[in-house]
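Right, one structure below, let's go through it.
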Amino acid sequence: MRVRPLLGAAAGAALLLLTGAGAAPATASALAPTGSVTVDAVGRITADGTVTLSGTYRCASSSGPVFVSSSVSQGASTIRHGVGGTRAVCDGAEHRWVNTGQPTPGALVAGAAHVEATLMELRTFSGLPLPSFHAVQGQDVTLRQA
């Protein structure tokens, strides 16, 4: 394995982070985004494998677009299957989110599962959109046949 290309990539990533660090946020709240996200205890799965997950979220402010994303896994598998994404409104009120997606056919079945929901904002630092996490929640759920 060649080390030199890896060192170059690492140095480039570090340089990008340092460049972004020089752009100070306008407010203290920009330093520490806050929010909450929940996952409902029951999700739905259809005969064709389409999964629907839901819950609530709350965030007070943002400077860029915010999304609620979700993923699901089953059993001892470490593979997480992405299930859609919802645009979030950060106005301080509690809102519902519902994500629907169709992971690899046959990958998921009705029964016990683990869902992770993330409330994430894309903030621009030095012209680059970078993720800023408001909240993450993991939840054991039951996928019921719809």
Side-chain angles (χ1 to χ4, degrees), residues 1-2 5-6 8-10 12-21 23 25-146:
M1 176 181 193
R2 302 186 104 179
L6 293 175
L15 183 61
L16 282 174
L17 288 174
L18 289 174
T19 304
T27 65
S29 66
L31 292 173
T34 59
S36 63
V37 63
T38 69
V39 178
D40 291 342
V42 176
R44 302 279 181 224
I45 185 167
T46 63
D48 71 355
T50 300
V51 174
T52 301
L53 304 170
S54 58
T56 63
Y57 73 89
R58 180 189 311 259
C59 51
S61 65
S62 64
S63 59
V66 180
F67 301 91
V68 179
S69 63
S70 57
S71 62
V72 62
S73 63
Q74 279 189 313
S77 175
T78 58
I79 298 172
R80 301 198 65 75
H81 301 275
V83 179
T86 301
R87 182 80 185 258
V89 177
C90 289
D91 61 2
E94 184 175 271
H95 297 276
R96 296 270 317 147
W97 63 267
V98 177
N99 290 346
T100 300
Q102 190 174 29
T104 306
L108 300 169
V109 295
H114 186 79
V115 171
E116 184 172 285
T118 305
L119 183 62
M120 187 269 306
E121 177 180 354
L122 289 176
R123 291 187 175 177
T124 303
F125 292 100
S126 299
L128 296 173
L130 297 174
S132 179
F133 296 94
H134 287 255
V136 177
Q137 177 66 42
Q139 173 77 35
D140 289 333
V141 303
T142 300
L143 292 180
R144 289 205 180 132
Q145 193 70 41

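Keep in mind it's a predicted model, so treat the numbers as computed, not measured.
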Considering all heavy atoms of both residues, which atom of Val66 and which atom of His134 are nearest to each other, and what is their separation?
CG2-NE2, 4.5 Å
Tell me every residue that passes side-chain hydrogen bond (donor to acceptor under 3.5 Å, both in side chains) with Thr46, counting only those two or more places apart in sequence or in another chain.
Asp48
Sequence neighbours excluded - salt bridge (charged side-chain N to carboxylate O under 4.0 Å, His left out) pairs with any residue from residues 80-96
Asp40-Arg96, Arg58-Glu94
Can you list, pair by pair, the side-chain donor-acceptor contacts under 3.5 Å of residues 136-144, counting residues two or more places apart and other chains?
unit_1	atom_1	unit_2	atom_2	d
Asp140	OD1	His114	ND1	2.8

Tell me whether Ser73 contacts the main-chain N or O of Thr78 through its side chain, where contact means a donor paired with an acceptor under 3.5 Å.
no
Quick one: side-chain hydrogen bond (donor to acceptor under 3.5 Å, both in side chains) partners of Thr52, sequence neighbours excluded?
Thr100
Any side-chain heavy atom of Val51 within less than 4.5 Å of one from Pro103?
yes
4.5 Å side-chain heavy-atom contact, Val72 and His81:
yes
On a heavy-atom basis, the closest approach of Trp97 and Val37 is NE1-CG2, 3.8 Å
Heavy atoms only: give me the nearest Met120-Pro131 pair and the separation to one decimal.
SD-CB, 3.6 Å
Can you measure from CD (Glu121) to OG (Ser62) and round to the nearest 0.5 angstrom?
4.5 Å
Shortest non-hydrogen contact between Ala135 and Gly35, atoms and distance:
CB-O, 3.5 Å
What distance separates Leu53 CG from Asn99 CG, expressed to the nearest 0.5 Å?
7.0 Å
Test: disulfide bond (SG atoms under 2.5 Å apart). Region: residues 103-146. Which pairs qualify, not counting sequence neighbours?
none
Sequence neighbours excluded, the answer for ring pair (Phe, Tyr, Trp, His ring centres under 6.0 Å) partners of His95 is Tyr57
